[in-house]
Amino acid sequence: QVQLVESGGGLVQAGGALRLSCAASGNIFSINAMGWYRQTPGKQRELVATITSGGSTHYIESVKGRFTISRDNAKNTVYLQMNSLKPEDTTIYYCYSNLEVVRGRGNDYWGQGTQVTVSS
């Protein structure tokens with residue numbers, strides 16, 4: 001019954017900003033990590049940013065210094081603040097989580113995606 005629901009996508013001009021949100025719901029024992037994938041047509045899927053339960057973060061090189069991932073543990077929610085957006089950031093962004101429904105057994109889950117479009 002786990003669900004990841006994304007929001008916050010939209011259309012912005014180059015140099016603008018968006019904030020994506022992803023809320024996890026269901027029978028969740030614990031969340032080990034959350035993050036964001038993106039899938040651009042004609043390109044391979046890539047993991048843009050992740051944050052662990054301990055607060056450690058990781059970013060793909062192309063977004064370092066522009067994107068910031070954060071979390072709200074009380075709401076089981078992860079955010080992706082995207083600043084200085086570029087047209088090449090245009091794609092669908094998917095929320096990801098490794099979480100435990102059963103204690104000690106982590107599994108991966110994905111949201112349905114939210115569209116980000118950056119105009120030149």
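Atom set for the values below is all heavy atoms of this structure, side chains included, hydrogens, waters and symmetry mates excluded. These numbers were taken from a predicted model, which means no experiment stands behind them. Position 1 is the first residue of the sequence; numbering continues from there.
- Between atom CE of residue M34 and atom SG of residue C22 there is a gap of 4.0 Å, rounded to the nearest 0.5 Å.
- Looking at N83 and F67, their side chains never come closer than 4.5 Å, going by heavy atoms from C-beta outward.
- Contact of the R71 side chain with the Y79 side chain is not registered, since no non-hydrogen atoms from C-beta on lie closer than 4.5 Å.
- Inter-residue side-chain proximity for I28 and N76 is flagged as met; some heavy-atom pair is nearer than 4.5 Å.
- To the nearest 0.5 Å, atom CD of residue Q3 and atom OH of residue Y109 are 11.5 Å apart.
- The backbone N or O of S84 lies less than 3.5 Å from a partner atom in the side chain of R66, making a donor-acceptor pair.
- Smallest separation of non-hydrogen atoms from T91 and P41: OG1-CD, 4.5 Å.
- Between H58 and V48, the closest side-chain pair of non-hydrogen atoms is not below 4.5 Å.
- Side-chain atoms of S30 and E100 include a donor-acceptor pair closer than 3.5 Å.
- Between W110 and C95 the shortest side-chain heavy-atom distance does not fall below 4.5 Å.
- In this structure, M82 CE and R38 CZ are separated by 9.0 Å, a value rounded to the nearest 0.5 Å.
- Residues W36 and L20 form a side-chain contact, since some pair of their non-hydrogen atoms from C-beta on lies under 4.5 Å apart.
- Note that OG of S25 and CD of Q1 are 9.5 Å apart. Values are rounded to the nearest 0.5 Å.
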For this session: Please lay out, stage by stage, how V101 and V2 fare under the test side-chain contact (heavy atoms from CB on, under 4.5 Å).
Result: CA-CA 8 Å; V101 174; V2 174; 3.7 Å; yes
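- Ring-plane geometry between Y37 and Y96 is classed as perpendicular, the angle between the planes exceeding 60 degrees on a 0 to 90 degree scale with a lower cut at 30.
- Figure legend: R45 and Y94 shown as a cation-pi pair, the cationic atom lying under 6.0 angstrom from the six-membered ring centre and within 45 degrees of its axis.
- Contact of the I92 side chain with the T114 side chain is not registered, since no non-hydrogen atoms from C-beta on lie closer than 4.5 Å.
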Exercise. Step by step, would you call S119 with Q13 a side chain to side chain donor-acceptor pair (under 3.5 Å)?
Worked result: CA-CA 5 Å; S119 62; Q13 292 182 313; 5.1 Å; no
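- V63 and L47 end up in different hydrophobic clusters when Ile, Leu, Val, Met, Phe, Trp and Tyr side chains are linked at under 4.5 Å.
- E6 places a side-chain N or O within 3.5 Å of a backbone atom of Q112 that can act as its donor or acceptor partner.
- The side-chain contact (heavy atoms from CB on, under 4.5 Å) check on T117 picks up L11, T90, Q115, with sequence neighbours excluded.
- Residues L18 and V116 form a side-chain contact, since some pair of their non-hydrogen atoms from C-beta on lies under 4.5 Å apart.
- A distance of 6.0 Å separates CG in N32 from OG in S53, rounded to the nearest 0.5 Å.
- Put simply, the side chain of T77 never gets that close to the backbone of A24: no donor and acceptor are under 3.5 Å apart.
- Taking both residues in full, the closest heavy atoms of S120 and A14 are given as CA-CB, 4.4 Å, listed atom of the first, atom of the second, then distance.
- Because its NZ or CZ atom is not both nearer than 6.0 Å to the ring centre of F29 and within 45° of the ring axis, R103 does not count as a cation-pi partner of that residue.
- For T57 (side chain) and I51 (main-chain N/O), no donor-acceptor pair under 3.5 Å exists by modelled atom type.
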